[in-house]
Visitor: 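One structure, as structure tokens, below. Some questions next.
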Amino acid sequence: MPSSTQLGAGRKSTPLAPLSSEGKSPDEYAYKYQEDVPSFRDVQQGERQELFREKLRMCAVTFDFGDSATFVREKEKKRQTLLELVDYVNTGTGKFSESVFDDIVFMLSSNLFRALPPSPHDSKDQDNYDPEEEEPTLEPAWPHLQIVFEFLLRFVVSNETDAKIAKLYIDAPFVLKLLDLFDSEDPRERDYLKTILHRIYGKFMIHRPFIRRAINNIFYRFIFETERHNGIAELLEILGSIINGFALPLKEEHKAFLAKALLPLHKPKCVAMFHQQL
């Protein structure tokens, strides 16, 4: 994890829903960036979980990072607060109560789930487009988004995260939105997503069939419709680990996956981009 001095700006803002089940608007928390909110070490142990929720609500507020001259102090304070949240999850201060899960998922959703920018090659002649010759479009907000991804990763792998409760919040719609982000052109984002999805697959057994089907659907659309997706190699890496855990004899669904998805993946023109993983 890079130090706080290495982490910088964020992303363009997205429309905001109500902050949580309590129905509060994120605007009600924007003023907090003007205050000196205490750090975790400055409050008693019994007060830290409520402070954790308060900081999560603060970080659900998004700013327009397209203009570096606006809300400079607030953006920096949000970045520092995100780093505090990562450290809080890492320290293992006790089981997360169910009351914080709404705030955790809303903070993550507000920051991560956004429309990816259109790829420059979308408007190019697809017949002449060679992805190996093109430089990827890097996410300018990455120094900011990276901390949010790090928080999600640490939250998923934490021993203090009860899988029986968390599976109700890190649910199928949440996983599906994570999978949508695999089409990001930024390899750094895809690498984090690969690690996080693999950890989710390992921790939440109930989601495993859904995750496999959802990846299958991405492959089907790529093979038979678009022949364009930035995350095929990373998804194949995840599946390589999953397949290593299959028991013998193989289930019929796994044989069908081989015949209907893996073998046809040899057909697209850009197979060289993911042939090693395939």
Visitor: How about R221: does its CZ atom have over 12 heavy atoms from other parts shown lying under 6.0 Å from it?
Guide: no
Visitor: When you measure from the side chain of N216 to the backbone N and O of F257, does any donor-acceptor pair fall under 3.5 Å?
Guide: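 A pair under 3.5 Å: no.
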Visitor: Would you say E76 and Q80 are linked by a side-chain donor-acceptor pair, where the criterion is simply a distance under 3.5 Å?
Guide: yes
Visitor: Could you work out, with side-chain contact (heavy atoms from CB on, under 4.5 Å) as the rule, every residue matching I206, not counting sequence neighbours?
Guide: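 Checked I206 against side-chain contact (heavy atoms from CB on, under 4.5 Å); matches are K167.
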Visitor: In Å and rounded to the nearest 0.5 Å, what is the CZ to CZ distance from F96 to F52?
Guide: 5.0 Å
Visitor: For salt bridge (charged side-chain N to carboxylate O under 4.0 Å, His left out), just list the numbers for E74 and K78, CA-CA rounded to whole Å, side-chain angles, deciding distance to a tenth of an Å, and then say yes or no.
Guide: CA-CA 6 Å; E74 289 83 357; K78 177 179 178 179; over 6 Å; no
Visitor: Which heavy atom in L82 sits nearest to a heavy atom in H144, and how many Å separate them?
Guide: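 That closest heavy-atom pairing would be CD1-NE2, 3.7 Å.
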Visitor: Taking side-chain contact (heavy atoms from CB on, under 4.5 Å) as the test, write out the residues that go with N217, two or more places apart.
Guide: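 Only Y220 meet the side-chain contact (heavy atoms from CB on, under 4.5 Å) criterion with N217.
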Visitor: Does the K203 side chain pair with the main chain of A166, one donor and one acceptor, at a distance under 3.5 Å?
Guide: no
Visitor: I would like to know whether Y192 and L152 meet side-chain contact (heavy atoms from CB on, under 4.5 Å); could you show each step before the answer?
Guide: CA-CA 10 Å; Y192 252 106; L152 173 55; over 6 Å; no
Visitor: With rounding to the nearest 0.5 angstrom, report the CD to NZ distance, E227 to K269.
Guide: 6.5 Å
Visitor: For side-chain contact (heavy atoms from CB on, under 4.5 Å), just list the numbers for L197 and V175, CA-CA rounded to whole Å, side-chain angles, deciding distance to a tenth of an Å, and then say yes or no.
Guide: CA-CA 8 Å; L197 188 66; V175 170; 4.0 Å; yes
Visitor: Among L51, D42, T81, find the residue that satisfies the side-chain contact (heavy atoms from CB on, under 4.5 Å) test when tested with V37.
Guide: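 Among L51, D42, T81, the one meeting side-chain contact (heavy atoms from CB on, under 4.5 Å) with V37 is L51.
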Visitor: Does D162 form a salt bridge (charged side-chain N to carboxylate O under 4.0 Å, His left out) with K164? I'd like the steps, not just the answer.
Guide: CA-CA 5 Å; D162 188 337; K164 293 180 180 179; over 6 Å; no
Visitor: Mind checking whether F224 and K267 have side chains closer than 4.5 Å, heavy atoms only?
Guide: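 No, too far: nothing below the 4.5 Å cut-off.
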Visitor: Can you tell me if N230 uses its side chain to pair, donor with acceptor, with the backbone of D183 under 3.5 Å?
Guide: yes
Visitor: Looking only at heavy atoms, what is the nearest atom pair of A261 and F219, with distance?
Guide: CB-CD1, 4.3 Å
Visitor: If you take all heavy atoms of T62 and S110, which pair is closest and at what distance?
Guide: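 Reported closest heavy-atom pair: CG2-O, 3.7 Å.
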Visitor: Nearest 0.5 Å, what's the CZ-OG1 distance between R199 and T195?
Guide: 8.0 Å
Visitor: If you look at every heavy atom in C59 and N111, which pair is closest and at what distance?
Guide: O-ND2, 3.0 Å
Visitor: Distance alone, cut at 3.5 Å: any donor-acceptor contact between the side chains of E139 and S184?
Guide: no
Visitor: On a heavy-atom basis, which atom in M107 and which in L56 lie closest, and how many Å separate them?
Guide: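 In terms of heavy atoms, the two residues are closest at CG-O, 3.6 Å.
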Visitor: Looking at CD of Q45 and CZ of R41, how far apart are the two atoms once the value is rounded to the nearest 0.5 Å?
Guide: 15.0 Å
Visitor: Taking all atoms of both residues into account, what is the closest heavy-atom pair of E189 and F149, and its distance?
Guide: OE2-CZ, 3.4 Å
Visitor: Do L278 and L262 come within less than 4.5 Å of each other through their side chains, counting heavy atoms only?
Guide: yes
Visitor: I218 and F182: side-chain contact (heavy atoms from CB on, under 4.5 Å), yes or no, with the steps?
Guide: CA-CA 10 Å; I218 292 173; F182 271 88; 5.7 Å; no
Visitor: Would you say I211 and F204 make side-chain contact, with heavy atoms under 4.5 Å?
Guide: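 No, too far: nothing below the 4.5 Å cut-off.
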Visitor: Does atom CD of E225 have more than 12 heavy-atom neighbours from other groups under 6.0 Å away?
Guide: yes
Visitor: Given E98 and Y169, is the side-chain contact (heavy atoms from CB on, under 4.5 Å) satisfied, shown in steps?
Guide: CA-CA 10 Å; E98 188 167 1; Y169 296 86; 3.1 Å; yes
Visitor: Does R53 use its side chain to pair, donor to acceptor, with the backbone of I104 at less than 3.5 Å?
Guide: no
Visitor: Nearest 0.5 Å please: distance from the CZ atom of F155 over to the CD atom of E150.
Guide: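 Going from the CZ atom of F155 to the CD atom of E150 covers 14.5 Å.
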Visitor: Can you classify the ring geometry of F113 versus F174 as parallel (below 30°), tilted (30 to 60°) or perpendicular (above 60°)?
Guide: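 Taking F174 first and then F113, their aromatic rings stand perpendicular (interplane angle over 60°).
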Visitor: What residues, two or more places apart in sequence or in another chain, satisfy side-chain contact (heavy atoms from CB on, under 4.5 Å) together with K95?
Guide: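 By the side-chain contact (heavy atoms from CB on, under 4.5 Å) rule, K95 matches E160.
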Visitor: List for me each residue that meets salt bridge (charged side-chain N to carboxylate O under 4.0 Å, His left out) alongside E253, sequence neighbours excluded, and say none if there are none.
Guide: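 With sequence neighbours excluded, E253 shows a salt bridge (charged side-chain N to carboxylate O under 4.0 Å, His left out) to R212, given in chain and number order.
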Visitor: Any side-chain to backbone donor/acceptor pair from D87 onto L83? Under 3.5 Å, distance only.
Guide: no
Visitor: As a quick check of understanding, evaluate ring pair (Phe, Tyr, Trp, His ring centres under 6.0 Å) for H254 and F246, giving each step before the final call.
Guide: CA-CA 9 Å; H254 302 327; F246 284 171; 3.6 Å; yes
Visitor: Looking at F40, is K55 sitting on its ring face, NZ or CZ under 6.0 Å from the six-membered ring centre and within 45 degrees of the normal?
Guide: yes
Visitor: Restricting to salt bridge (charged side-chain N to carboxylate O under 4.0 Å, His left out), what partner residues turn up for D180, sequence neighbours left out?
Guide: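 If we apply the salt bridge (charged side-chain N to carboxylate O under 4.0 Å, His left out) test to D180, skipping adjacent residues, there are no hits.
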Visitor: So how far is it from I200 CD1 to L153 CG, rounded to the nearest 0.5 Å?
Guide: 9.5 Å
Visitor: Side chains of residues 232-244: which donor-acceptor partners sit under 3.5 Å, not counting sequence neighbours?
Guide:
unit_1 : atom_1 : unit_2 : atom_2 : d
E234   : OE1    : R190   : NE     : 3.2
E234   : OE2    : R190   : NE     : 3.1
E237   : OE1    : K194   : NZ     : 3.0
S241   : OG     : H198   : NE2    : 2.8
N244   : ND2    : G240   : O      : 3.3

Visitor: Would a hydrophobic clustering, with Ile, Leu, Val, Met, Phe, Trp and Tyr connected at side-chain separations under 4.5 Å, put L138 with I147?
Guide: no
